[in-house]
Amino acid sequence: MKYELNLDGGFALRPADSSDAPRIALWMAQPHIQHWWKQDWPVERWAQEIERQTAGVHSAPCVASVDAEEFGYVELYRVRHDRLAEHYAYEEHDWGVHVAIGDVTRVGRGLGRQLLRSLADALLHAEPACSRVVAEPDLENTPSVRAFGAAGFEASGELHLPDKTALLMVRRRH
Ligand SMILES: CC(C)(COP(=O)(O)OP(=O)(O)OC[C@H]1O[C@@H](n2cnc3c(N)ncnc32)[C@H](O)[C@@H]1OP(=O)(O)O)[C@@H](O)C(=O)NCCC(=O)NCCS
């Protein structure tokens with residue numbers, strides 16, 4: 001699936017394609033991302049992964065920018081097609097979000113929470129049938145839990161996923 005979205009605050013999301021694989025592979029190898037994503041794959045595997053997602057209906061791989069500077073990787077996913085659907089009472093139009101700020105100079109400075117707030121606002125605005133945007137950060141991933149919380153996502157219970165105990169974070173339409 002491809003998804004393109006203009007956000008407020010100078011943010012934008014564009015669909016990733018296989019030409020982004022070298023940079024995404026570099027981002028994924030950064031320790032602060034590798035520790036949580038565990039997707040520090042070779043470039044070729046990332047190129048295949050982006051093509052696989054783009055051809056399917058489950059998720060949309062995207063590159064995030066602020067003021068036209070690209071700084072990170074975002075996956076938007078349809079909860080109804082995701083493993084998460086087995087773990088909470090999802091609604092048909094729920095969106096899920098995975099995020100990684102690849103530019104280390106921009107981590108821990110409030111950019112993540114601004115992006116997540118703008119992104120959730122834009123998804124809810126673009127799709128009136130959608131009333132929730134969710135995420136499932138590892139319970140121990142304090143920066144992520146803090147950033148989602150500051151972006152208006154509410155902690156809504158622990159989820160026991162196969163590879164981690166996650167916190168379900170839910171941003172509702174206000
Ligand atoms: C998660 C991520 C997107 C958040 O973006 P960010 O711009 O770094 O986040 P923010 O600066 O908005 O907020 C980070 C919060 O974590 C806190 N924090 C940062 N490092 C921390 C640490 N080592 N221990 C505890 N808290 C920490 C910050 O103080 C801040 O919280 P507070 O100001 O509310 O107290 C970014 O850190 C990232 O890409 N991390 C690696 C990938 C990842 O974990 N993705 C999420 C998977 S669900």
Side-chain angles (χ1 to χ4, degrees), residues 3 5 7-14 16 20-41 45-46 49-50 53 58-79 81-88 90 94-123 132-172:
Y3 211 89
L5 208 53
L7 315 178
D8 61 15
F11 292 101
L13 278 195
R14 66 164 176 85
D20 296 306
R23 194 165 39 149
I24 292 171
L26 273 181
W27 286 343
M28 288 292 155
Q30 305 272 355
H32 72 290
I33 298 178
Q34 192 282 334
H35 183 75
W36 302 109
W37 277 64
K38 298 184 172 62
Q39 290 182 221
D40 49 330
W41 301 333
R45 179 156 177 205
W46 265 108
E49 173 68 11
I50 291 164
Q53 289 188 39
H58 170 202
S59 55
C62 301
V63 174
S65 61
V66 64
D67 299 332
E69 279 187 38
E70 297 187 337
F71 66 89
Y73 179 68
V74 170
E75 278 174 12
L76 303 176
Y77 60 92
R78 282 299 188 183
V79 173
H81 296 304
D82 194 82
R83 67 172 185 175
L84 196 52
E86 294 167 27
H87 294 273
Y88 80 101
Y90 71 98
D94 285 0
W95 277 110
V97 181
H98 299 301
V99 59
I101 299 182
D103 178 349
V104 281
T105 67
R106 292 181 180 270
V107 174
R109 299 180 168 204
L111 191 68
R113 67 190 52 191
Q114 291 168 36
L115 168 68
L116 292 167
R117 183 174 285 280
S118 297
L119 178 54
D121 283 346
L123 285 168
R132 297 191 299 193
V133 181
V134 307
E136 35 95 292
D138 192 304
L139 197 56
E140 294 181 0
N141 188 348
T142 306
S144 183
V145 170
R146 298 283 303 175
F148 276 106
F153 289 68
E154 285 171 26
S156 306
E158 289 183 15
L159 303 175
H160 298 281
L161 304 179
D163 56 335
K164 66 181 178 186
T165 300
L167 197 55
L168 178 66
M169 303 288 296
V170 180
R171 167 70 202 279
R172 291 185 174 77

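These values consider heavy atoms only, across backbone and side chains, with no hydrogens, waters or symmetry-generated copies. Counting starts at 1 for both ligands and their atoms, following the listed order. All figures in this text were calculated on a predicted structure; none of them were measured in a lab.
Neither side chain, Gln34 nor Gln30, offers a donor N or O lying under 3.5 Å from an acceptor on the other.
For the pair Asp67 and Phe11, the minimum side-chain heavy-atom distance is 4.5 Å or more.
A search for side chain to side chain contact (heavy atoms under 4.5 Å, CB included) contacts involving Leu26 returns nothing, not counting sequence neighbours. For Ala166, the side chain to side chain contact (heavy atoms under 4.5 Å, CB included) partners are Glu136, Leu159, Leu161, Lys164, not counting sequence neighbours.
Stacking of Arg132 on the aromatic ring of Trp95 is not recorded, the 6.0 Å distance cut-off and the 45° axial limit not both being met.
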Can you give me every donor-acceptor pair (side chain of residues 111-123, partner residue at least two apart or in another chain, under 3.5 Å) with its distance?
{"from": "Gln114", "atom 1": "NE2", "to": "Gly110", "atom 2": "O", "distance (Å)": "3.3"}
{"from": "Arg117", "atom 1": "NH2", "to": "Ala150", "atom 2": "O", "distance (Å)": "3.1"}
{"from": "Ser118", "atom 1": "OG", "to": "Asp8", "atom 2": "O", "distance (Å)": "3.3"}
{"from": "Ser118", "atom 1": "OG", "to": "Asp8", "atom 2": "OD1", "distance (Å)": "2.7"}
{"from": "Ser118", "atom 1": "OG", "to": "Gln114", "atom 2": "O", "distance (Å)": "3.1"}
{"from": "Asp121", "atom 1": "OD1", "to": "Arg171", "atom 2": "NH1", "distance (Å)": "3.1"}
{"from": "Asp121", "atom 1": "OD1", "to": "Arg171", "atom 2": "NH2", "distance (Å)": "2.8"}

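Sorted by chain then number, the residues whose non-hydrogen atoms approach ligand 1 to under 4.0 Å are His32, Ile33, Trp36, Trp37, Val99, Ala100, Ile101, Val107, Gly108, Arg109, Gly110, Leu111, Gly112, Arg113, Pro137, Asn141, Thr142, Pro143, Ser144, Arg146, Ala147.
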